[in-house]
Visitor: 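Below are the structure tokens for one structure; questions will follow.
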Amino acid sequence: MKETTEIQEKLKTLRQLMQEKHIDAYLVLSSDYHGSEYVGSHFKCREYISGFTGSAGSVIVTKSAACLWTDGRYFLQAEQELKGSGITLYRMGEEDVPEMENYLLEYLEEHAQLGIDGRTISVSAYRKLEKKLNKKKIHICAGLDLIGDMWEDRPKMSCEAAWELDICYAGKTRAEKLLEIQKELKKKNADTTIISSLDDIAWTLNVRGGDTECTPVVLSFLIISREQVTWFVQKEAADQKLIENFRTNGIVIREYHEFYEYLSKELQAHVLYLDPERTSQFLYEKAKECSKTVLEGHNVTMIPKAVKNAVEIENMRKAHKKDAAACIKFIYWLKMQMQKNTLSKAERNPDNDFITEISAAEKLEEFRKEQKNYLGASFKTISGYARHGAIVHYSANENTDIQLKPENMILVDSGGQYLEGTTDITRTIALGSLSWKQKHHYTLVLKGNLRLAGAKFKYGCAGINLDHMAREALWKEGFDYNHGTGHGVGYLLNVHEPPNSFRSLVSDSRYECMKLEAGMITSNEPGIYIEGEYGIRLENLILCEEAEKNEYGKFMKFETLTLVPFERDAILIQELDENEKEWLNQYHARVFEEISGELEKEEREWLAKVTAPL
């Protein structure tokens with residue numbers, strides 16, 4: 001109750017500030033000033049005001065109400081964390097649940113004032129909101145950081161050391177990348193582009209850092225003109241060697257907090273090129289004030305970053321072999337512990353009685369740390385046992401952590417950051433005997449994963465054209481999952497990287513129809529979630545590559561990068577068709593061939609059994 005009382009007091013303080021500023025409603029988003037998905041503690045304003053710890057969600061506070069919108073990944077988690085806070089949960093996408101903009105339109109009077117920190121909303125999101133609210137002439141005050149005004153012990157902005165990614169991992173020098181970007185600007189008749197998305201900056205400059213949890217990026221802004229490149233970064237983050245190397249490439253380093261002042265003074269006659277999806281409204285307004293013209297389009301770094309070069313692809317294969325060894329060791333260890341827990345109490349080791357969701361995730365992290373060039377997790381591990389597996393992005397804490405038993409299943413969604421690249425894998429592991437229903441559901445999800453992995457398609461297709469392959473077996477029986485089938489994955493960068501994805505529903509996303517290119521890496525992760533019982537998700541990363549070209553055009557296919565066996569004890573073989581069985585047998589044979597040499601004798605013997613032909 002203490003936590004919910006604190007939230008209520010914070011809401012009271014916020015409403016007092018709103019009254020002073022003549023604000024009728026205040027909108028708090030989850031982003032930082034760079035549009036990052038995962039943000040540092042300094043930027044967790046939405047978590048501060050609501051107590052909801054998920055990575056995605058928005059809060060609206062009015063004079064008499066407080067509401068939080070989040071997506072299907074977090075429904076159950078948000079319901080638990082908001083309990084007693086006075087904040088109403090709105091489940092995005094569900095029937096009769098209003099969109100945030102419609103809620104504001106209904107609640108607010110004509111000419112009302114909506115406050116927001118314009119540094120935390122993209123141009124495209126702002127425009128959508130503004131267009132809707134214009135129906136009642138509602139004014140948006142985009143220069144208000146009311147949470148910052150009331151957050152007395154707000155953490156400082158992170159300032160971890162930046163470091164260079166060697167060419168043997170990056171595949172291209174930053175000089176080559178900058179030259180290509182400058183050529184692209186010339187084609188677009190632009191003088192300068194401003195990049196504020198941290199992954200695009202890190203990729204362009206071949207630098208990495210530690211300013212965002214699980215994503216090795218550096219808090220900074222980057223201005224690329226045809227003649228000059230300027231990097232705005234906290235000076236403490238760049239050592240002398242890095243500064244000298246940048247000077248060699250003609251890159252000027254300036255202080256992070258000088259960025260907006262520089263804009264107004266130095267870019268007055270420039271034609272600017274900005275990405276409205278990845279630029280904040282505050283930055284855009286400043287740019288319009290000082291520049292000659294603003295052109296719009298996707299960041300010129302987006303496609304080159306998403307299409308991995310030959311060096312990055314080969315390194316990603318190496319990263320996935322390392323990650324597979326760690327994951328297989330973990331699955332074997334976990335199953336052995338569960339077998340011990342079926343012994344009588346007199347035969348047990350007491351330590352085996354206390355494997356929990358959190359301690360299991362910690363053990364997986366131990367195995368990853370044994371791998372050379374492992375830098376850390378690519379996101380916080382989701383370790384959901386039994387009913388918790390049905391919470392799509394469940395995050396165990398000391399209050400929810402439960403003990404694993406030799407029954408039911410545990411869903412483990414995890415990933416690593418290696419010098420060789422980024423991994424993301426989900427396996428649902430049987431800890432004991434399963435019911436027919438559980439096996440049937442597992443097999444339906446497996447069928448979806450195998451069908452998408454084995455897809456062959458014409459060049460020009462986007463992920464939305466292929467998503468049905470992963471859902472078809474579930475749809476036939478009236479099931480579905482409330483998340484996308486796949487997302488792009490960066491190279492030692494964001495585990496969720498636009499523009500490539502697999503999605504089933506049409507939306508207003510500008511990335512929706514971006515075609516799949518050879519070199520793009522996307523996750524393949526269908527699932528099924530039975531509330532209160534269990535969840536099943538099976539995720540591999542797949543690399544898009546060319547198949548053949550003939551009189552009908554160019555065809556594409558996928559290479560599966562993830563090399564971890566599926567759960568043998570959960571598959572109903574009779575429900576797989578011949579193509580699915582053949583694909584699975586070939587995949588398991590490849591897993592054993594490529595990973596068995598990295599394992600101990602007992603682990604290798606176990607792997608041979610679970611990858612034997614069906």
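Positions are given from 1 along the sequence.
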Visitor: Answer yes if the side chains of Tyr481 and Thr485 hold a donor-acceptor pair under 3.5 Å, and no otherwise.
Guide: yes

Visitor: So is Lys363 actually on top of Trp333's ring, under 6.0 Å and inside 45° of the axis?
Guide: yes

Visitor: Check whether Ser36 reaches the backbone of Asp32 with its side chain - one donor and one acceptor, N or O, closer than 3.5 Å.
Guide: no

Visitor: When you compare the side chains of Glu277 and His298, does any donor N or O come within less than 3.5 Å of an acceptor on the partner?
Guide: no

Visitor: With sequence neighbours left out, what residues match His588 under ring pair (Phe, Tyr, Trp, His ring centres under 6.0 Å)?
Guide: none

Visitor: Search all heavy atoms of Arg46 against all heavy atoms of Phe52 and return the closest pair with its distance.
Guide: NH2-O, 2.7 Å

Visitor: Look at atom CD of Glu531 and say whether more than 12 heavy atoms of other residues, nucleotides or ligands are closer to it than 6.0 Å.
Guide: no

Visitor: Looking only at atom types and distance, does a side-chain atom of Asp71 sit under 3.5 Å from a main-chain N or O of Ala56, one as donor and one as acceptor?
Guide: no

Visitor: Can you confirm whether the side chains of Glu517 and Tyr459 place a donor and an acceptor under 3.5 Å from each other?
Guide: yes

Visitor: Between the side chains of Tyr534 and His441, does any donor sit under 3.5 Å from an acceptor?
Guide: yes

Visitor: With Phe457 as reference, evaluate Phe502, Phe555, Tyr552, Phe558 under the ring pair (Phe, Tyr, Trp, His ring centres under 6.0 Å) test and give the passing residue.
Guide: Phe558

Visitor: Do you see a donor-acceptor pair shorter than 3.5 Å between the side chains of Ser383 and Thr381?
Guide: no

Visitor: Any side-chain donor paired with an acceptor under 3.5 Å for Ser414 and Arg427?
Guide: no

Visitor: Not counting sequence neighbours, which residues clear side-chain hydrogen bond (donor to acceptor under 3.5 Å, both in side chains) with Ser359? List them please.
Guide: Thr356

Visitor: Please check if the distance between the ring centroids of Tyr103 and Tyr90 is under 6.0 Å.
Guide: yes

Visitor: Under 3.5 Å, is there a donor-acceptor pair linking the side chains of His320 and Tyr418?
Guide: no

Visitor: Quick one about Gln417 and Ser378 (side-chain donor to acceptor, distance below 3.5 Å, no hydrogens or angles considered), yes or no?
Guide: no

Visitor: Count the heavy atoms belonging to other residues, nucleotides or ligands that lie under 6.0 Å from CD of Glu95, then report whether that count exceeds 12.
Guide: no

Visitor: Give the intermediate values and the outcome of salt bridge (Lys or Arg N to Asp or Glu O under 4.0 Å) for residues Glu559 and Arg317.
Guide: CA-CA 10 Å; Glu559 173 192 337; Arg317 293 189 179 111; 2.9 Å; yes

Visitor: Work out which heavy atom in Leu76 is nearest to a heavy atom in Ala390; give both atom names and the distance.
Guide: CD1-O, 4.1 Å

Visitor: Are a donor atom and an acceptor atom from the side chains of Thr522 and Asn500 found within less than 3.5 Å of each other?
Guide: yes

Visitor: Does the side chain of His388 come under 3.5 Å of the side chain of Glu357 through a donor N or O and an acceptor N or O?
Guide: yes

Visitor: Applying side-chain hydrogen bond (donor to acceptor under 3.5 Å, both in side chains), name anything that partners Glu578, two or more places apart in sequence or on another chain.
Guide: Lys581

Visitor: Between Tyr74 and Gly54, what is the shortest heavy-atom contact and its length?
Guide: CE2-CA, 3.8 Å

Visitor: I'd like to know if the side chain of His487 pairs up with that of Glu525 as donor and acceptor (distance under 3.5 Å, no hydrogens or angles considered).
Guide: yes

